[in-house]
Structure formats: C-alpha cells, structure tokens
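If you read the sequence from its start, that first residue is 1, and numbering goes on from there.
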Amino acid sequence: MPISVNQNINKAQAFGNTAMQPMQQFNPNAANPPVLSPNSAYMPGVGAVPSGYLLPGDASHGSEDHIIKKTPLTGARIMADKIAKDIFVYAPKGMQGSKNSNFYEYLSLGIIPYIVGSAGLIATSVAASKFFNPNEAKASKMMTKGTVAGVLLYAGMKWLGAKVMNKGTQLMTGIDMDMPYKKVISELPENGRERVVTEFHKVFESVDFPRWDLINKQGEANGNRYEYYDKIAREKLGCDEPLNAPDQVVQPLIQKTLTKAMAARSISSFLWAATGVAIAAQKPFTQFKKPALKNMLKELPLELAKTFKESVKQLWKGTSVKSSIVGKTLIAASLASTVLGILNVKRGYKIDTKHSESKIDYKKDYVEN
C-alpha cells in the first residue's frame with residue numbers, strides 16, 4: 001500500500017523528534033540567518049530526512065571546485081589563509097583526532113616548524129648578546145644580523161628561484177604552473193553538524209592527475225571547451241589551424257613539460273636558497289646599520305638594496321682565491337640551473353604541423369584474396 005506524504009512527514013517527525021521545516025533560501029544579511037540543510041538522506045518508508053547542517057555563511061563557498069582569477073596579491077592571500085588555518089584549524093583538528101583531517105592539512109602544517117624554528121633561531125641569537133662583555137657583544141650582534149639576513153634570504157631566494165622557473169616555463173610553453181583553484185569539501189558529520197570547507201590548490205600540482213576537468217569547465221563557460229589547448233597550440237606550438245582533438249594532442253605535452261619543469265625548479269630553488277645564505281654571510285650584511293625610526297620607510301629599502309648589491313659583489317670576488325672560486329661557482333650554478341631548466345622545458349615541446357601526404361599508385365593491380 002503506498003504511503004502518503006502526510007504519513008512520511010509524521011514518520012520523519014517521530015524519527016527525529018523534530019518538525020521538518022521547508023528549505024529556506026540563505027540570506028547572509030538577515031537578522032537571524034536560517035540554518036541550511038542542503039543534503040538529505042533517504043530512509044525506506046519515510047522518505048527524505050535532513051542529514052546535517054551547514055554553518056551560516058558556508059554557502060558563500062560555492063558548491064563546486066573552480067579555478068580562481070589570479071591577481072598580484074592572490075599568492076599572498078592564499079599563503080595568509082593557509083597559515084591562519086594551520087594555526088587555528090588544521091593543528092587543533094589533528095590534535096583532536098578529527099576524522100576530517102586529511103593529507104593536505106598535514107602537508108600544509110610543514111610551514112609552521114620553519115616559521116617557529118626561524119623565529120627561535122633569531123630570538124636565541126638576539127638574547128645571547130646580553131651575556132657577553134662589550135667586545136664580544138659587538139661580535140655577537142654582527143653574527144645576529146647575519147643570522148637574520150640568512151633566514152630571510154634563504155626563504156626569499158628560494159621563493160624567487162621557483163617563481164622565475166615557473167614564469168619562464170609559462171613564457172616558453174603557455175603552461176601556468178601557479179594556476180590556482182579553490183577546492184570545496186563537504187566534511188563528514190561531526191557533533192551533529194556538517195561543514196563545507198575550502199582548500200587552495202594548483203591545477204598542475206600533480207603531474208599524473210592535473211585538473212583537466214576544471215580547465216575544460218572554464219573553457220565551456222567561455223563557449224569553447226578546448227579554449228586552453230587551442231590557445232597553446234596557436235601561440236606556442238605554431239598551429240595555424242585548430243586541431244581536431246586539441247586535448248589529446250596537448251595534454252601529453254603538458255605532462256611531459258611539467259615533469260621537466262618541476263625537476264628543474266627543485267634544483268634551481270635550493271641552489272638560489274644556498275646563494276641567499278652565502279650572500280647574507282658577507283660583511284656588508286653583518287655590518288648593516290638600520291636607519292632611524294623616523295626615516296625607516298624612506299631609507300630602509302634603499303639601504304637593503306645597497307647592502308645586498310655589495311654582498312653579492314663580495315661573494316663574487318671573495319676574500320681569497322678559494323672563496324672567490326666558491327662564490328663564483330655558487331652564483332654561476334644558480335643562474336645556469338634556471339636558464340638551462342627553462343630552455344630544457346622548451347626542448348621537444350612541439351607537434352608535427354605538416355599534413356600527411358599519402359600517395360596511391362593507381363597503375364598497380366588490385367587483387368582480392
């Protein structure tokens with residue numbers, strides 16, 4: 001015997017001991033915004049019943065993964081979001097043994113030991129100065145300046161080396177290795193509630209599994225599913241006419257290029273990081289004098305640039321023949337790794353644009369077996 005709608009509602013009320021309310025449209029400006037219940041579970045003989053709730057405000061995340069538009073501050077905003085979540089979300093979730101903790105959160109937490117360790121190293125160097133006599137304290141302060149510069153230049157030069165490699169790859173091949181997208185995740189219910197959270201990833205962070213679906217979806221929104229591949233084929237591969245299957249032609253080339261670019265980026269970024277530490281160890285940085293507080297904004301950038309330039313010169317020239325060889329080798333290796341890495345990604349990045357020519361000799365006899 002079929003069950004009526006009223007019977008379904010009565011059974012659902014009896015099951016949850018709560019009245020089922022109709023869905024309301026989310027309005028973030030309302031005085032008391034409604035709690036959303038977008039997901040439902042089906043129970044035999046009962047019908048659809050609420051399975052959980054979204055916290056007010058989570059509707060603004062959207063319901064699907066999507067590529068986000070890049071601006072000059074996009075990278076900084078993503079990093080700030082990640083650091084804030086590391087401290088206030090990911091670490092507490094992991095310590096509590098949350099079933100929604102994932103590998104992305106675990107990897108993201110890796111930046112915290114670097115920040116804490118760097119800050120601890122600087123703080124230890126600064127605090128140690130007061131325990132020395134005046135002459136030793138002066139030497140200690142010089143070492144502290146070198147330590148601070150070393151920490152900052154290690155991170156800065158490593159980041160810059162990776163960015164130059166990524167940008168060079170994009171100019172040569174049209175592949176933006178930094179293309180960001182927002183991943184939307186519906187977490188498993190905890191404490192009677194469901195949450196929708198977001199993570200920031202890169203479309204090409206995986207060589208084996210790039211997010212082709214997001215690239216295709218973005219193209220479809222612009223009226224051409226293969227827009228991304230057509231652009232690369234036209235601008236970087238020298239195709240005058242559209243390809244019949246641009247995704248099948250261009251995708252393998254992209255994956256091959258990503259493999260080479262990521263390997264070159266790893267080598268180059270760490271060489272630049274080592275160069276940064278070597279530059280920070282030179283005398284101009286250890287003897288750096290910061291401007292007066294009132295002139296800090298005006299004079300500090302110029303003083304840092306001047307000090308950096310002088311330190312690079314000193315590293316190149318060296319204080320002895322051996323130190324000169326080491327400095328020149330380090331700087332040359334860093335430059336070479338970047339230049340050769342960028343040139344290598346372009347090697348083999350091409351397709352055969354010539355039309356195949358088939359010739360048939362009609363004078364030959366046709367024999368059917």
Lys236 side chain to Leu171 backbone, donor-acceptor under 3.5 Å: yes

Within the distance-only criterion (no hydrogens, no angle test), does the side chain of Tyr90 pair as donor or acceptor with the backbone N or O of Tyr104 below 3.5 angstrom? no

Side-chain heavy-atom pair Met179, Tyr228 within 4.5 angstrom cut-off: yes

For the pair Glu220 (side chain) and Arg225 (backbone), establish whether a donor and an acceptor sit closer than 3.5 Å, ignoring hydrogens and angles. no

Backbone N or O of Ala264 within a donor-acceptor pair of the Ser268 side chain at under 3.5 Å? no

Would a distance-only check, ignoring hydrogens and angles, find a side-chain to backbone donor-acceptor pair under 3.5 Å from Thr275 to Ile331? no

Which atoms form the tightest heavy-atom contact between Lys158 and Ala273, and what is the distance? CB-CB, 3.7 Å

Would you call Asp230 and Arg234 a salt bridge, using N to O less than 4.0 angstrom? no

Could you give the distance from CD1 (Ile175) to CG (Leu258), rounded to the nearest 0.5 Å? 5.5 Å

Ser266 side chain to Met262 main-chain N or O, any donor-acceptor pair under 3.5 Å? yes

Quick one: do Glu187 and Lys93 make a salt bridge, cutoff under 4.0 Å? yes

Check for a donor-acceptor pair, side chain of Asp176 on one end and backbone N or O of Gln170 on the other, with a separation under 3.5 Å. no

Hey, does Val164 have a side-chain heavy atom less than 4.5 Å from the side chain of Trp272? no

In this structure, CG of Leu109 is separated from CD1 of Ile83 (nearest 0.5 Å) by 11.5 Å

Looking only at atom types and distance, does a side-chain atom of Thr198 sit under 3.5 Å from a main-chain N or O of Lys183, one as donor and one as acceptor? no

Would you give the length of the straight line joining atom CG of Leu253 to atom NZ of Lys350, rounded to the nearest 0.5 angstrom? 11.0 Å

The reported gap from CD1 in Ile279 to CG in Leu315 (rounded to nearest 0.5 angstrom) is 6.0 Å

So, the side chain of Gln314 versus the backbone of Lys283: is there a donor-acceptor pair under 3.5 Å, distance only? yes

Charged N to carboxylate O below 4.0 Å: is that the case for Asp65 and Lys217? no

Please work out whether the ring planes of Tyr226 and Tyr229 are parallel, tilted or perpendicular, with thresholds of 30° and 60°. tilted

Counting only heavy atoms from other residues, nucleotides and ligands, does the tally under 6.0 Å from CE of Met143 exceed 12? no

Check whether the side chains of Thr144 and Thr147 place a donor and an acceptor atom closer than 3.5 Å, and report yes or no. no

Against the six-membered ring of Phe285, is Lys145 placed for a cation-pi contact (under 6.0 Å from the centre, within 45° of the normal)? no

Quick one: does Tyr349's side chain have a donor or acceptor within less than 3.5 Å of a partner on Thr173's backbone? yes

Atom pair CD1 (Ile111) and CD1 (Ile115), whose distance is rounded to the nearest 0.5 Å: 4.5 Å

